[in-house]
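What follows is a single structure, written as structure tokens, with notes after it.
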Amino acid sequence: MNIRKAAHDISEYVVGLRRHFHMYPESSLNEFETSKKIRQELDKLGIKYEVVADTGVVARIHGKAEGKTVLLRADMDALEIEEKNTHEYVSKNKGKMHACGHDGHTSMLIGAAKILNETKDSWSGTVVLCFQPAEEIAEGARIMIEKGNVLEGVDGAFGIHLWSDVPVGKVSVEAGPRMAGADFYTLTVRGSSGHASKPDQTIDPIVTASSIVMNLQPIVSREMDPIEPVVITVGTFNAGTRFNIIPDKAVLSGTVRCFSKDIWNDIDKKIERVASNIASAYRASIELDYQKKTPPTINDPDASRRARESVVKILGEEGVYLMERTTGAEDFAYYADSVPSCFAFVGIRNDAKEANFPHHHERFQMDEDALEIGTALYAQYALDFLAEK
Ligand SMILES: [Zn+2]
Ligand SMILES: [Zn+2]
């Protein structure tokens with residue numbers, strides 16, 4: 001079966017869907033109309049589905065016989081951005097914009113669902129279509145997995161991000177860490193307040209917190225393998241109300257990025273150890289509110305090898321693109337953490353069409369020719385996965 005041709009034949013349908021979703025963007029966990037539209041399209045295609053946590057949608061297509069199960073994931077939420085594009089399908093929801101390409105992901109997965117559903121007499125196994133909310137706040141994947149049980153019986157998962165750093169017509173599917181693990185923390189340093197002229201009667205949280213800031217970096221430079229990139233950033237440092245008062249607390253907040261699951265697993269404990277020991281040296285104390293948001297997104301070598309073969313079937317060898325991993329984060333990591341997975345970056349960049357602004361930019365655009373490629377790749381990967389013993 002020529003999947004590229006099948007995707008080409010429905011490309012107008014998929015572009016139409018993408019423009020519809022683009023006109024009506026919705027924030028994370030508020031994707032009500034988006035979810036309704038997805039369900040309407042699945043109804044038209046005769047595909048049964050379940051709703052997960054109000055806006056998530058999961059559907060299963062069964063082939064002619066029992067076999068393996070593969071999950072295809074698309075995210076559907078938009079961002080709080082006022083769109084500055086002027087094309088005819090510009091956002092109609094004020095202050096909201098699909099500036100990350102999730103409108104494309106959802107449309108491509110509906111297109112792939114159509115192809116897979118119409119050919120289900122020719123393949124064995126099960127395809128799980130996972131339309132996930134709330135990727136931008138890194139909550140949707142966990143909702144789909146925990147509340148929707150979408151990984152039950154699943155042997156492998158595949159996801160796509162349309163990617164503005166990759167030229168249209170190219171796809172990156174390398175093995176290994178592809179996107180960073182990303183966490184957030186708030187560190188409160190508690191001391192004891194008093195007159196700025198009598199520091200001996202106080203426990204100064206500003207001096208303590210300053211020392212903590214300076215000593216978080218050696219966690220990276222002295223405790224980590226120098227081959228492994230790790231970022232610990234302090235983004236805010238707030239303390240005090242006026243010049244002649246030593247305050248009773250200082251509050252730091254920041255983010256951590258890394259590509260190693262081992263590092264991600266216990267970097268919070270290292271930060272806590274350093275911060276609390278420094279605080280006690282200054283007679284102060286700390287409270288660490290550490291939020292593990294997403295693990296690193298790591299492509300399984302075998303899934304990556306298969307995805308490369310799928311890309312070659314659709315685009316030829318010249319479609320394979322090599323790209324450095326990125327410090328952005330993706331909650332697709334939660335699927336990849338549970339089953340062997342591949343997360344593909346499908347190129348949308350085309351200077352001639354002004355499709356060259358970064359993700360989350362108010363003029364973010366895509367070369368819509370990429371939608372046909374992404375539709376084909378979802379379907380091709382599923383068929384290749386199910387066909388392999
Ligand atoms: Zn985004
Ligand atoms: Zn995104």
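FYI, the numbering just counts along the sequence from 1. Atoms within each ligand, like the ligands themselves, are counted from 1 in listed order. Because the structure is a prediction, the values reported are computed rather than measured.
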N117 side chain to K114 side chain, donor-acceptor N/O pair below 3.5 angstrom: no

Residue H359, metal the Zn ion (ligand 2), N/O/S under 2.8 Å: no

Aromatic plane relationship, H161 with H102 - under 30° parallel, 30 to 60° tilted, over 60° perpendicular: perpendicular

Aromatic ring proximity, centroids under 6.0 angstrom, F364 and F357: no

Nearest to the Zn ion (ligand 2) - the N/O/S atom of H161, by atom name: NE2

Residues S27 and E80: side-chain donor-acceptor under 3.5 angstrom: yes

Vertex the Zn ion (ligand 1), arms to E136 OE2 and C100 SG, rounded to 10°: 100°

